[in-house]
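Here is the structure we will look at, set down as structure tokens.
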4 protein chains.
Amino acid sequence: MTNKREAAKQVKRKRILDESIKLFSTNGYTETTIQMVANAAGISFGSVFTYFETKETLLEATVMEPLEEVREQLMIINYETEDVTEELKNLIQRNIRLFSTSKIYLQLVQQIISRPDRHPKLLMSLDAFFTDFVNHLIPLIEKGQKEGKLKIQDPELVATAYFSFLNGIRLTMGLEEDHIWWEKFIDSAYLLFGPID
Amino acid sequence: MTNKREAAKQVKRKRILDESIKLFSTNGYTETTIQMVANAAGISFGSVFTYFETKETLLEATVMEPLEEVREQLMIINYETEDVTEELKNLIQRNIRLFSTSKIYLQLVQQIISRPDRHPKLLMSLDAFFTDFVNHLIPLIEKGQKEGKLKIQDPELVATAYFSFLNGIRLTMGLEEDHIWWEKFIDSAYLLFGPID
Amino acid sequence: MTNKREAAKQVKRKRILDESIKLFSTNGYTETTIQMVANAAGISFGSVFTYFETKETLLEATVMEPLEEVREQLMIINYETEDVTEELKNLIQRNIRLFSTSKIYLQLVQQIISRPDRHPKLLMSLDAFFTDFVNHLIPLIEKGQKEGKLKIQDPELVATAYFSFLNGIRLTMGLEEDHIWWEKFIDSAYLLFGPID
Amino acid sequence: MTNKREAAKQVKRKRILDESIKLFSTNGYTETTIQMVANAAGISFGSVFTYFETKETLLEATVMEPLEEVREQLMIINYETEDVTEELKNLIQRNIRLFSTSKIYLQLVQQIISRPDRHPKLLMSLDAFFTDFVNHLIPLIEKGQKEGKLKIQDPELVATAYFSFLNGIRLTMGLEEDHIWWEKFIDSAYLLFGPID
DNA sequence: TATGAATGAGAATTCATTCAT
DNA sequence: GATGAATGAATTCTCATTCAT
């Protein structure tokens, strides 16, 4: 009984969130109206407020909830690998594919980052995410450097550069038509780690 | 006479533009009001319309005019150099310094890029700028590759990757405190070109 | 069985009413929401509608039901008294105490009276109450005048003046801190009846 | 030039204020919409905000500005009078006439007082006004008592009682039709001062 | 040219009421 | 009987743009 109702609620909530990603991403936060979200989700205007107290709250959920999914996929690293080079290339490929298939969501994230003063709460979360990512990558880089597979560089710098590169491509590929190019950037990304031969 | 008057006009126009960059960059287009611009520029809000027909027009000028300055500085390349490696490193350093000192303006540009559907006219211009930049860089990369100083890669890809990297750092450094880090990325950027030895 | 259930209902109904007095009195009719009443009464907001059809109905009950209690206490007059002066002073004392202890309720009543066009039904009831009060008082005043204890004045005028005075104090004491002052007004009120010596 | 424009502004502002008194008084603050005010004043909705920043600001002006006029008229007292009794009667008559002709405004004031927590700023001002009024009246009462014309009572209490009485009549006369009665209350009010003979 | 008053479309949010569970 | 999700009318306030002075 209650479960059924609760389930229905969750479904509806998810629908709102899904449509919000698209709308916020395309139109920006300010220029997306609650009415638009409601229409897209097939519910009445007032109902959006049943699920999200304010527009700001909705944005927060819209940004934060998918972030956890991204985190899960982005943080998969096999530190025990025999072949660091191989692991690194695989990791880059996974990351680039993730970025290339999350265009809409990432566009939204970049809007948030481009307005750092506006959504401070979100910015802090995104910043923490970034730090996490960098810290996850460092051990692998260190391993590669120890094994003489990678040039000696500050691992934090390398990880930061790599993450920046991923984001930068997303930004630039928003300008250009996005195509198979994405895959080509795997090699470029790899270079940032300073592979030796 | 007329010259004096004309000069005064240009000064005022410039003041509006300068304040617009800051305001649009910080508050975003929609959340910056003409009133705010007028206040910042020390004129009445009605006067803004004397210099710019609409808010959109103002944004266009705000984005496009500094772009020319950026272009000038970004496009300086000495193709005749004896030492491609040296020239490349100098170029990267100049570029990174330019990016690190243009934070406010670039934040504005990224807002535009994060909303590709919104300001199509501006997007086209920025896209053209990007293409220009890439095309300017290609000959130097080709020269380096021919001389055996750089790994053989698609020059367009390399140039694109490099430009993306610059933009990506700007994005990420907006998250992190911006500091001497910028300089450190010179080496990372250089790696993207695939230097041999 | 049914009695028990019925009793439980009455208890809940009373709880709603009690909380409504406080909330309507403090926040006004429009700015009190059914949700607030429900929260205060510890029930779900949907349940309020089980007990009161509409918000207006709730207000009516909130104003009218305590009025009967006030009526009972306000209308106690011993017409057969030997000493009119004594009876009058006692009556004033009882009335003033009642008013001083019913601040919250009276504040609500004054809100109703201050918006005569808004709740016409309630206003009629309050008006009838006022007329009743005046009519109840007249015989005592007449008796006092006949016995030469009170100055000859239109008894209806005197009663009206007295009732107005009570209400006026409530209003003014809302401004000032309410304290022992209330008791002091007994003498002032007495003067309105025109005591001789 | 500027004067003409400034004058026109003041006229329009006054029109808004005049209509606001009526509307707020009749419909209450919450149930008066800016649209209603705009319509009544014959201007567009948005223009109200040209003259008053917020609805709350408008209310404040609506309550406070007429208060100064009331103050002027209410505070006229000739302390040097030969005949305190006469002066007192005249004063009461003036006050009662003022109250009887300011019904609409006073109804608004009473709404404010009936919601003490809502408009704290206004309440403080009204409270200060009340204190002023009482303090102005005290010397005359003291004089009357010294001259043996008035019964010895705490002058502050008497003044407070008198002011409360005036307000109470306004409240009660809101219930009853307002008529010549007002004038009749002059004698009742006079009694509050405790005249001897 | 400069100013700022006037306008009104548009947006977020609130809330009484209804009604399915 | 109790609950709370759904609805949409209603309201305040914002702001680009126009235009008279």
Side-chain angles (χ1 to χ4, degrees), chain A residues 1-6 8-9 12-13 29-38 41-58, chain B residues 5 8-9 12 29-38 42-59, chain C residues 5-6 8-9 12 29-38 42-58, chain D residues 1-6 8-9 12-13 29-38 41-58:
Chain A
M1 307 295 132
T2 314
N3 279 355
K4 210 189 264 178
R5 197 188 286 192
E6 192 59 26
K9 261 190 80 167
K12 212 173 266 190
R13 188 176 182 284
Y29 176 68
T30 318
E31 288 167 82
T32 299
T33 68
I34 297 284
Q35 185 62 256
M36 289 162 73
V37 174
I43 58 176
S44 85
F45 172 77
S47 288
V48 176
F49 291 97
T50 303
Y51 294 87
F52 301 92
E53 264 186 58
T54 64
K55 195 186 177 187
E56 190 79 26
T57 309
L58 174 58
Chain B
R5 204 183 284 179
K9 266 189 72 173
K12 216 179 256 187
Y29 176 69
T30 318
E31 287 165 86
T32 300
T33 67
I34 298 286
Q35 184 64 255
M36 289 161 74
V37 175
I43 57 174
S44 85
F45 96 84
S47 292
V48 176
F49 291 95
T50 304
Y51 295 88
F52 302 92
E53 259 186 66
T54 66
K55 194 186 177 188
E56 193 78 27
T57 310
L58 173 58
L59 177 70
Chain C
R5 201 182 286 179
E6 190 59 27
K9 268 188 69 170
K12 217 178 257 187
Y29 176 69
T30 318
E31 285 165 86
T32 299
T33 68
I34 297 287
Q35 184 64 256
M36 289 162 74
V37 174
I43 58 175
S44 84
F45 95 83
S47 292
V48 175
F49 291 95
T50 304
Y51 295 88
F52 301 92
E53 260 186 65
T54 66
K55 195 185 176 188
E56 192 78 26
T57 309
L58 173 58
Chain D
M1 307 293 130
T2 314
N3 279 353
K4 210 189 261 175
R5 197 189 284 192
E6 193 59 26
K9 262 191 80 169
K12 214 175 262 190
R13 189 178 181 283
Y29 176 68
T30 318
E31 288 167 81
T32 299
T33 70
I34 296 285
Q35 186 63 255
M36 288 162 73
V37 174
I43 58 176
S44 85
F45 172 75
S47 288
V48 176
F49 291 97
T50 303
Y51 293 87
F52 301 92
E53 266 187 57
T54 65
K55 195 185 176 187
E56 191 79 25
T57 309
L58 173 58

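Here is how names work: the chains are called A, B, and so on, in the same order as the sequence lines, proteins then strands, and each is numbered from 1. These figures come from a predicted structure and were not determined experimentally.
Applying the Watson-Crick and G-U wobble criteria (two distances, each under 3.5 Å), dA20(E) pairs with dT3(F). For dT14(E), the paired nucleotide is dA9(F), the pair qualifying as Watson-Crick or G-U wobble because both relevant distances are below 3.5 Å.
When rounded to the nearest whole Å, the span between NZ of Lys55(D) and P of dA10(F) equals 15 Å. Atom CZ of Arg13(A) is separated from atom P of dA5(F) by 13 Å (rounded to the nearest Å). The distance between atom CD1 of Ile34(D) and atom P of dT14(F), rounded to the nearest whole Å, is 11 Å. Atom-to-atom, CD of Gln35(D) to P of dC13(F) comes out at 14 Å; the value is rounded to the nearest Å. What separates CD of Glu6(A) from C1' of dT21(E) is a distance of 14 Å, to the nearest Å. We find that CE of Met36(C) is positioned 8 Å from P of dC15(E), with the value rounded to whole Å. When rounded to the nearest whole Å, the span between OH of Tyr29(D) and C1' of dT11(F) equals 11 Å.
Taking both residues in full, the closest heavy atoms of Met36(C) and Thr32(C) are given as SD-CA, 4.0 Å, listed atom of the first, atom of the second, then distance. Considering all non-hydrogen atoms of both residues, Thr30(D) and Lys55(D) come closest at O-NZ, 3.6 Å.
Counting non-hydrogen atoms under 4.0 angstrom, Thr32(B) reaches the backbone sugars and phosphates but no base.
Judged purely by atom type and a 3.5 angstrom limit, Tyr51(B) has no side-chain atom pairing as donor or acceptor with the backbone of Leu58(B).
Only Phe45(D), Phe49(D), listed by number, bring a heavy atom of residues 42-53 of chain D to less than 4.0 angstrom from any atom of DNA chain F.
No side-chain donor from either of Ser47(C) and Thr50(C) sits under 3.5 Å from a side-chain acceptor of the other.
Contact annotation: the side chain of Phe49(C) approaches that of Ile34(C) to within less than 4.5 Å [non-hydrogen atoms, C-beta and beyond].
The side chain of Thr33(B) lies closest to dA16(F) when the candidates are dA16(F), dT17(E), dT12(F).
Phosphate proximity of dG4(E) to Lys9(D): absent, as no side-chain N or O sits under 4.0 Å from OP1 or OP2. For the pair Lys12(B) and dA2(E), the criterion of a side-chain N or O lying under 4.0 Å from OP1 or OP2 is met.
In this structure, CZ in Phe45(B) is found 11.0 Å from CD1 in Ile43(B), a value given to the nearest 0.5 Å.
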